[in-house]
Amino acid sequence: MLFLDLNHWIELARADAGRGTLVYERLLATLRQAVAADAVTIVLTSGLYREIIKIKDPKQRQSLTNLIAELSGPRYLPGLTDIFLTELSTALDVVTGTTGTQYQQFDLIGTSALHALGMVGGLRIIDSDGVDRTAEHLANTPGFAARLADANAQAEWMLLAGPSDADVPRLRADGYAPEGPEQAVRDNAAFETGWSKLIDPYRKSRSIRDLVIARHLTLELLDMLENERALRRLTVEDVATPVTARNLVMSMPSNATMVSMLAEYHHNPQKTWTEHDIYDIHTLAAAVPYCDIVLTDAAARDTLTRRHVHEWLNTEMPRRAEDLSDSLDQLLHGAA
C-alpha cells in the first residue's frame with residue numbers, strides 16, 4: 001500500500017493538467033503504470049480527506065478528486081478511533097493474557113470516505129417499512145449491480161470533491177458548517193502550543209516522550225482503557241504504571257507513531273504549532289504503520305526518521321518524489 005500526502009497530490013494534479021514539473025510528470029506516469037499492473041494500492045486517510053475538503057476552490061478539489069478516483073478508487077484506511085480501539089484490545093490480549101471487548105472485524109481498506117470517519121459507507125435500498133432490500137435487488141434486478149456501483153462512485157466523488165459554490169447557500173440552510181471541524185484543528189494546534197509551555201519546568205527532569213505518553217493515555221485512550229480494564233478484571237497497576245503504560249502504548253503501531261511525532265515536535269520549546277502539524281500527525285499515525293510506502297513532506301518525514309519510526313515499522317519513506325518513482329520502477333520491473 002502507498003500513501004501520498006496532500007502536497008504531492010496537488011503536484012500530481014498539476015502534472016495531469018499539463019502544468020507540472022518533469023519530476024511529477026514522471027511520477028504520475030509511473031503511478032498509472034503501477035495501478036494498471038495492480039502492483040500498488042493507493043490509500044487515503046481521514047486526515048487527508050479533511051485537508052482536501054477544506055480547500056476553498058471547488059475546481060481544485062474537483063481536479064484532485066478526479067485524479068484520486070483514477071489512481072486510488074478512492075480507497076481509505078480506517079479512522080484513528082477504530083484503529084486505536086483495535087490496537088488497544090489486541091495489545092491487552094497479548095500483554096495480559098485476558099480477553100475483553102471482541103470487536104467485529106473490519107476491513108483495513110474501505111471504499112467509502114465514511115470508512116475513514118468511523119461509519120459504514122455505501123448506498124442501500126431501504127423500503128417504506130425500513131427493510132433493506134439491496135441484496136434482493138442485486139439478485140433479481142438485471143443491471144442493478146452496475147447502476148448501484150455507478151451511484152456509489154458518484155456519491156464518493158461528491159463526498160471528496162465537496163459542494164460547488166452555488167450549492168453552499170442551500171446546504172448552509174440545512175446545517176452545513178465546515179468551519180466546525182476546521183476550528184477544532186486550530187484549537188488542537190493552540191492546545192499543543194499551551195501544553196509545550198506547561199511542560200517547560202519538566203524538560204530537564206522528565207522524558208518528553210513519557211510526558212506525551214501519559215497525556216495520550218488520558219486524552220485518547222482513558223475511556224477505552226477503563227472499559228477494557230473492567231471487562232478483563234485488571235487492576236490499575238496491571239496497565240497504568242509508568243513502565244506498563246509506556247510498554248503498552250509503544251506496542252501499538254498507530255499510537256506509538258502519534259506519540260513519537262508529538263514527542264519529537266515538543267522537544268523544541270520554540271516550535272510554532274500549525275494546523276498542518278495536526279493534520280500530519282493524525283494522517284501519518286494511520287498511514288505509516290499500515291502502508292508499505294509513505295511519501296510525505298520533508299518536515300514530517302524528518303520528524304519520523306529522527307525517531308526511527310519508519311525502521312521499526314518497516315515502512316519505506318522516500319525523501320523525494322523521484323525516489324518514489326525509482327522504487328515503483330523497481331517494483332514494476334521485478335513484477336514483470
Side-chain angles (χ1 to χ4, degrees), residues 1-5 40-49 75-98 100-110 115-118 207-225 228 239-240 243-266 277-297 300-318:
M1 282 197 298
L2 167 65
F3 174 81
L4 304 169
D5 207 350
V40 66
T41 298
I42 304 175
V43 295
L44 283 66
T45 66
S46 61
L48 178 58
Y49 169 78
R75 296 181 177 90
Y76 296 87
L77 292 175
L80 279 182
T81 298
D82 285 335
I83 292 175
F84 284 177
L85 281 168
T86 303
E87 286 188 350
L88 179 62
S89 179
T90 303
L92 289 172
D93 286 351
V94 174
V95 171
T96 68
T98 61
T101 305
Q102 299 297 297
Y103 293 107
Q104 183 177 355
Q105 291 187 353
F106 56 86
D107 293 332
L108 180 60
I109 301 174
H115 180 74
L117 302 176
S207 160
I208 301 296
R209 190 185 71 174
D210 284 349
L211 293 173
V212 173
I213 286 173
R215 191 192 87 174
H216 185 77
L217 280 169
T218 302
L219 297 182
E220 303 290 348
L221 300 179
L222 185 59
D223 289 343
M224 305 177 200
L225 188 58
E228 290 293 330
V239 293
V243 173
T244 56
R246 181 191 309 120
N247 291 342
L248 178 66
V249 171
M250 296 308 292
S251 73
M252 299 184 287
S254 284
N255 287 270
T257 301
M258 176 176 282
V259 162
S260 297
M261 292 190 73
L262 284 166
E264 184 62 29
Y265 281 141
H266 277 295
D277 296 323
I278 305 304
Y279 284 118
D280 273 350
I281 291 168
H282 285 80
T283 285
L284 296 173
V288 173
Y290 297 105
C291 291
D292 302 291
I293 307 175
V294 171
L295 182 64
T296 187
D297 61 65
R301 182 186 183 279
D302 183 61
T303 298
L304 288 160
T305 55
R306 282 177 180 272
R307 293 274 166 167
H308 305 283
V309 174
H310 65 305
E311 294 177 0
W312 47 265
L313 289 173
N314 196 29
T315 304
E316 183 180 344
M317 297 195 70

Participant: Is any side-chain heavy atom of Met258 closer than 4.5 Å to a side-chain heavy atom of Leu80?
Facilitator: yes

Participant: Test side chain to side chain contact (heavy atoms under 4.5 Å, CB included) on Glu264 and Thr303; report intermediate values, then the result.
Facilitator: CA-CA 6 Å; Glu264 184 62 29; Thr303 298; 3.6 Å; yes

Participant: Could you measure the distance from the OH atom of Tyr279 to the CG atom of Asp5? Nearest 0.5 Å is fine.
Facilitator: 12.5 Å

Participant: The test is side chain to side chain contact (heavy atoms under 4.5 Å, CB included); show your working for Met1 and Leu108 and say whether it passes.
Facilitator: CA-CA 11 Å; Met1 282 197 298; Leu108 180 60; 3.6 Å; yes

Participant: So, do Arg215 and Glu220 sit near enough that their side-chain heavy atoms are less than 4.5 Å apart?
Facilitator: no

Participant: Applying side chain to side chain contact (heavy atoms under 4.5 Å, CB included), run through Met261 and Leu304 and close with a yes or a no.
Facilitator: CA-CA 6 Å; Met261 292 190 73; Leu304 288 160; 3.5 Å; yes

Participant: With a 3.5 Å distance limit and no angle check, can you tell me whether Thr45 reaches the backbone of Ala287 through a side-chain donor-acceptor pair?
Facilitator: no

Participant: Apply side chain to side chain contact (heavy atoms under 4.5 Å, CB included) to Tyr76 and Ser46, showing your working.
Facilitator: CA-CA 8 Å; Tyr76 296 87; Ser46 61; over 6 Å; no

Participant: Hey, are the side chains of Ser260 and Met250 touching, using non-hydrogen atoms and a 4.5 Å cut-off?
Facilitator: yes

Participant: Please determine which of Val309, Thr296, Asp302, Ile293 meets the side chain to side chain contact (heavy atoms under 4.5 Å, CB included) test together with Met317.
Facilitator: Thr296

Participant: Looking only at heavy atoms, what is the nearest atom pair of Leu2 and Val40, with distance?
Facilitator: CB-CG2, 3.6 Å

Participant: What's the shortest heavy-atom distance between Arg75 and Ile42, and which atoms?
Facilitator: CB-O, 4.0 Å

Participant: In Å, rounded to the nearest 0.5 Å, how long is the span from CG of Asp210 to CZ of Arg246?
Facilitator: 4.0 Å

Participant: Got a second to check how far Thr315's OG1 is from Asp292's CG, nearest 0.5 Å?
Facilitator: 7.5 Å

Participant: Find the distance between CE (Met252) and OG1 (Thr86) and round it off to the nearest 0.5 Å.
Facilitator: 11.5 Å

Participant: Could you check, using the six-membered ring where one of them is a Trp, whether Tyr49 and His115 have ring centers closer than 6.0 angstrom?
Facilitator: no

Participant: Okay, side chain of Glu87, backbone of Ser254: is any donor-acceptor separation there less than 3.5 Å?
Facilitator: yes

Participant: Could you tell me whether a side-chain N or O of Ser89 sits under 3.5 Å from a main-chain N or O of Thr101, the two making a donor and an acceptor?
Facilitator: yes

Participant: Thr257 and Ala285: which non-hydrogen atoms are nearest, and at how many Å?
Facilitator: CG2-CA, 3.8 Å

Participant: With a 4.5 Å cut-off on side-chain heavy atoms, are Cys291 and Leu77 touching?
Facilitator: yes

Participant: For Arg209, check side-chain hydrogen bond (donor to acceptor under 3.5 Å, both in side chains) against everything at least two apart and list the hits.
Facilitator: none

Participant: Starting at CG of Leu225, measure out to CG of Leu88 and round the result to the nearest 0.5 Å.
Facilitator: 5.5 Å

Participant: Has the side chain of Asp297 got a donor or acceptor atom that lies under 3.5 Å from a matching backbone atom of Ala300?
Facilitator: yes

Participant: Taking all non-hydrogen atoms of both residues into account, name the closest pair between Pro253 and Leu313 and its distance.
Facilitator: CB-CD2, 4.0 Å

Participant: Do Leu92 and Leu248 have side-chain heavy atoms sitting under 4.5 Å apart?
Facilitator: yes

Participant: Identify the heavy atoms of Thr218 and Leu222 that sit nearest to each other, and give their distance.
Facilitator: O-CB, 3.4 Å

Participant: Can you tell me how far apart CD1 (Ile213) and CG (Asn255) are? Round to the nearest 0.5 Å.
Facilitator: 10.0 Å

Participant: Grab the two heavy atoms, one from Leu48 and one from Phe3, that are nearest each other, plus how far apart they are.
Facilitator: CD2-CE1, 3.8 Å

